[in-house]
Amino acid sequence: MLTGCVRAELAAAREGFKHGLPAPAETSLLAAIRQRADDSARAKLRAVFNLSGTVLHTNLGRAQLAEEAIAAMVDAARSPCALEYDLAGGGRGDRDDLVSGLLAELVADGSPEVAATIVNNNAAAVLLTLNALAQGKEAVVSRGELVEIGGAFRIPDVMRRAQVRLHEIGTTNRTHASDYQEAISAKTALLMKIHTSNYTVTGFTAAVDEKTVGEIAHAAGLPFVIDLGSGTLCNFAAYGLPPEPTPQQALAAGADIVTFSGDKLLGGPQAGLIVGRRDLIAKIKKNPLKRALRVGKTTLAALEATLRLYRDPDRLAERLPTLRLLTRPLTDIAALGQRLLPAAQTAFGKLATVAVEPCLSQIGSGALPVERLPSTALVIRPHAKKPGKTLLTIEAALRGLPTPIIGHLRHDACYLDLRCLEAKDEARFVSQLVQLKF
Ligand SMILES: *Cc1c(COP(=O)(O)O)cnc(C)c1O
């Protein structure tokens, strides 16, 4: 590794020399080699401070796990564990049984008719569900719900890969019950609704509610599938948050299968949860893709521990970081801003003024795209008349810290939204600020 660093720096120096730059002094060459070696020795997947203003930031790993989930993951990683081993009977077990009963308890009052299976993420959950229940046939979806999630998840593409024919109905803004009814033929395998998690359609619109689509599906003897996207398990309104549909509601409204992510509002590890009718879950589990998409022991350990926290709703907002951050009192965030202001002024004073100002946080990860949560930011405004270059310098310096600080640029300023900086990490944050050199 070290030889590679030396060669790379020498090559860079020669290249510069060819283009008329002076040969670097030995000390600066050595410093550059050391820097390159340090960078290379450091883990690539590093902890950062997420002050981007988006709580569930997909590029920053979405949900922070609860301590209970972290402890469970560590145990599962360290020791042999009963992943697929029936401790009661002594025979082979099923890894889905680790959470299936718990999920049925949380979303369907423990109904024995409800089961669950877990895969790598919600995209995998949708792919597997479609392939298992509708391969070679049609799935009926409203045109207004053909979502694209950031990256490469587009419902029409996933359908094609699942070898399911997409039967689009309605128009972009309006779909009616009769559209669903008229679409059903001998080729239909299921009706599907997809939560429009990252956009809203407003104005002259019409959509058919879950209950009605479920009734139409069941009258035709077809399953009704809902891709919920985020799918929180708790009543957001009770926490003063904007309402978000739950798997409980989806199942109660007649969905036979519901899919949702583990690392969005649920606040657990990356996973795709498929919950619903036991016979359909059995069919989904028999599909060979299930083996290709299944999750490992550390994921299941974290998921089980996270789900257990939901049994105690009174303590959930304190133990589950996602919910804790979303429900954090504004006064708490604002007070943190005031405490951090002097250190930030010292760090940026040469280049910019720093102020504590109100801002708005997003929930992120395709949850509640329009809703914003009032928050507080450290706002760094360069002295320069044309601040663009200084802002890029500031942003790069923050990213270059041992524990990088991720903010966002807006209105000719760098915003550090403090919602996701908890008091327990305050000292660590300040220890980063004091390392900034401009
Ligand atoms: C986020 C989302 C997905 C993809 O989920 P991942 O867990 O990121 O794979 C699929 N459908 C909807 C509606 C979503 O919001």
Side-chain angles (χ1 to χ4, degrees), residues 54-65 99 103 116-131 133-134 139 141-162 164 166 175 190-201 207 210 213 224-233 236 242-247 249-250 253 255 257-276 284 289-290 292-296 299-300 302-303 306-307 322 326 362-371:
T54 301
V55 178
L56 293 169
H57 197 305
T58 298
N59 306 141
L60 301 180
R62 292 192 183 159
Q64 292 169 238
L65 296 183
V99 293
L103 270 167
T117 183
I118 311 301
V119 288
N120 181 60
N121 55 13
N122 189 34
V126 174
L127 176 74
L128 175 62
T129 299
L130 285 170
N131 184 256
L133 303 185
V141 184
S142 161
R143 186 163 293 172
E145 297 174 6
L146 296 176
V147 307
E148 174 182 307
I149 309 295
F153 181 88
R154 303 171 114 192
I155 288 289
D157 297 345
V158 173
M159 290 252 175
R160 208 168 303 123
R161 292 291 170 147
V164 174
L166 169 63
T175 299
L190 54 86
L191 305 194
M192 184 174 188
K193 268 183 85 70
I194 298 136
H195 183 44
T196 58
S197 45
N198 52 8
Y199 64 99
T200 55
V201 181
E210 281 73 13
V213 179
F224 172 36
V225 173
I226 300 184
D227 172 15
L228 264 191
S230 216
T232 171
L233 293 182
F236 259 37
E244 170 77 15
T246 64
Q249 290 164 347
I257 291 289
V258 183
T259 74
F260 51 103
S261 293
D263 57 354
K264 292 184 180 172
L265 290 173
L266 183 73
Q270 180 190 303
L273 288 74
I274 310 175
V275 183
I284 289 169
L289 275 178
K290 158 69 190 184
L293 301 172
R294 75 180 185 186
V295 293
T299 299
L300 281 164
L303 183 61
T306 304
L307 292 173
T322 300
L326 292 176
Q362 305 190 46
I363 294 177
S365 279
L368 309 156
V370 193
E371 309 286 348

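Source: prediction; values computed, not measured. Numbering of ligands and ligand atoms starts at 1, following listing order. Values reported hereafter were calculated over all heavy atoms of this structure, with side chains retained and with hydrogens, waters and symmetry mates removed.
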Any N or O of D227 closer than 3.5 Å to N or O of ligand 1: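 In this structure, D227 places an N or O atom under 3.5 Å from an N or O of ligand 1.
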Close N or O approach (S261, ligand 1; < 3.5 Å):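 For ligand 1, there is an N or O atom that lies under 3.5 Å from one belonging to S261.
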Beyond-backbone contact of L128 with K290, side-chain heavy atoms, under 4.5 angstrom: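 Yes. Closest side-chain heavy atoms under 4.5 Å.
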Minimum-distance pair of heavy atoms, taken over all atoms of [X] and [Y]:
X	Y	result
G231	F260	O-CD1, 3.6 Å
L65	P269	CD2-N, 3.5 Å
G229	N122	CA-ND2, 3.6 Å
S142	T175	OG-OG1, 2.8 Å
I155	E145	CG1-O, 4.4 Å
T54	I363	CG2-O, 4.2 Å

Please list, in number order, the atoms of ligand 1 under 4.0 Å from a heavy atom of [X].
X	value
A123	4 (C), 5 (O), 6 (P), 9 (O)
H195	13 (C)
F153	10 (C), 11 (N)

So, 4.0 Å and heavy atoms of [X]: is ligand 1 close enough to count as a contact?
X	result
K264	yes
I149	yes
R62	yes

Proximity winner for atom 3 (C) of ligand 1, if only heavy atoms of T196, N122, L56, V126 are counted: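 It is N122 that holds the nearest heavy atom.
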